[in-house]
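Written out below as structure tokens is the structure these notes cover.
In this text, all values refer to a predicted model and were calculated from it rather than measured experimentally. In each ligand, atom 1 is the first atom listed, and ligand 1 is the first ligand listed. Excluded from the calculations below are hydrogen atoms, water molecules and symmetry mates; all remaining heavy atoms, backbone and side chain alike, are included.
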Amino acid sequence: MLYMLDSANIEEIRKACDVFPLAGVTTNPSIITREKKDFFSLLKEIRSVIGNKMMHVQVLGTTTEDMLKDAASIREKVDGSLFIKIPVSDAGYKAMQILKKDGFGITATAIYTPQQALIAANCGADFTAPYVNRIDNISGMGVNVVSMITDLFNLHGLSTRVLAASFKNVQQVHEVALAGTHSVTVGADILWKLARHPLTDMSVEQFTKDWNAQYGEGKCIYNM
Ligand code: E4P
């Protein structure tokens with residue numbers, strides 16, 4: 001399962017990339033506006049931090065024509081591995097098919113139902129992003145939706161991948177992983193919570209204490 005970071009904050013991205021083997025970064029218009037920076041300068045800054053990892057950038061246009069223009073403009077200014085995020089609206093489904101023919105990487109987003117994901121896959125989406133927590137907030141059982149989408153893609157032999165998104169806690173991420181999602185995108189807070197455990201730190205502290213008691217402070221294996 002691929003892990004991506006759902007953020008446009010340079011410091012968060014830098015710290016996460018320094019430690020974790022992230023597959024990429026995802027953004028949406030709300031995430032971008034939080035940074036209060038020039039849009040394209042910010043994307044270029046993100047690119048310089050993540051190298052050629054995937055960057056998923058959402059269009060703002062709500063008509064097919066505007067989505068196509070947004071996508072072209074993003075591709076013109078952002079190099080490297082790029083996926084254009086298109087919401088699964090009527091205009092979006094149409095845009096996806098045209099963008100696919102033009103060779104764009106596509107991430108279908110704002111997905112709430114399995115059928116939306118299946119249709120997006122047929123439109124040529126490389127990734128489909130169901131919104132787990134937002135689905136939970138309407139009692140729609142986000143993890144079940146991810147599970148059904150994953151099953152549908154496997155059942156129909158589709159290469160489109162599930163990029164589960166919108167998480168508010170670690171348990172949701174764990175459950176979509178068990179459901180077989182191909183990838184997740186999580187905020188920095190959740191990413192660190194997934195990776196850390198206080199008992200791990202306590203174990204390491206005890207190893208160091210035992211070692212120091214025998215060999216003296218500051219001794220590592222390389223300077224024995
Ligand atoms: C990512 O692709 C989505 O835009 C994002 O995960 C939505 O998350 P939110 O529901 O926390 O805003």
Could you tell me whether Y131 and ligand 1 have an N or O pair separated by under 3.5 Å?
yes
So, Q214 side chain and D210 main chain: donor-acceptor pair closer than 3.5 Å or not?
no
For ligand 1, note which part of A129 has a heavy atom under 4.0 Å away: side chain, backbone, both or neither.
neither
Could you check which of R134, Q58, M4 puts a non-hydrogen atom nearest to atom 7 (C) of ligand 1?
R134
NE2/H197 to CE/M202 distance, rounded to the nearest 0.5 angstrom?
10.0 Å
Among protein heavy atoms, which lies nearest atom 6 (O) of ligand 1, and at what distance?
D6 OD2, 2.6 Å
Less than 4.5 Å apart, side chain to side chain, heavy atoms only: is that true for H56 and M4?
yes
Please report the C-alpha distance between R161 and F153 in whole Å, then the side-chain angles of each, then the deciding distance to 0.1 Å, and finally whether the side-chain contact (heavy atoms from CB on, under 4.5 Å) criterion is met.
CA-CA 8 Å; R161 287 180 280 182; F153 288 179; over 6 Å; no
Do any N or O atoms from the side chain of K209 and from the backbone of A213 form a donor-acceptor pair under 3.5 angstrom?
no
Looking at atom 11 (O) of ligand 1, what's its closest protein heavy atom, distance included?
K168 NZ, 2.9 Å
Is the ring centre of F83 less than 6.0 Å from the ring centre of F127?
yes
Shortest protein heavy-atom distance from atom 1 (C) of ligand 1, along with the residue and atom involved
K85 NZ, 3.4 Å
Protein contact of atom 4 (O) of ligand 1 - nearest heavy atom, named by residue and atom, plus distance
N28 ND2, 2.7 Å
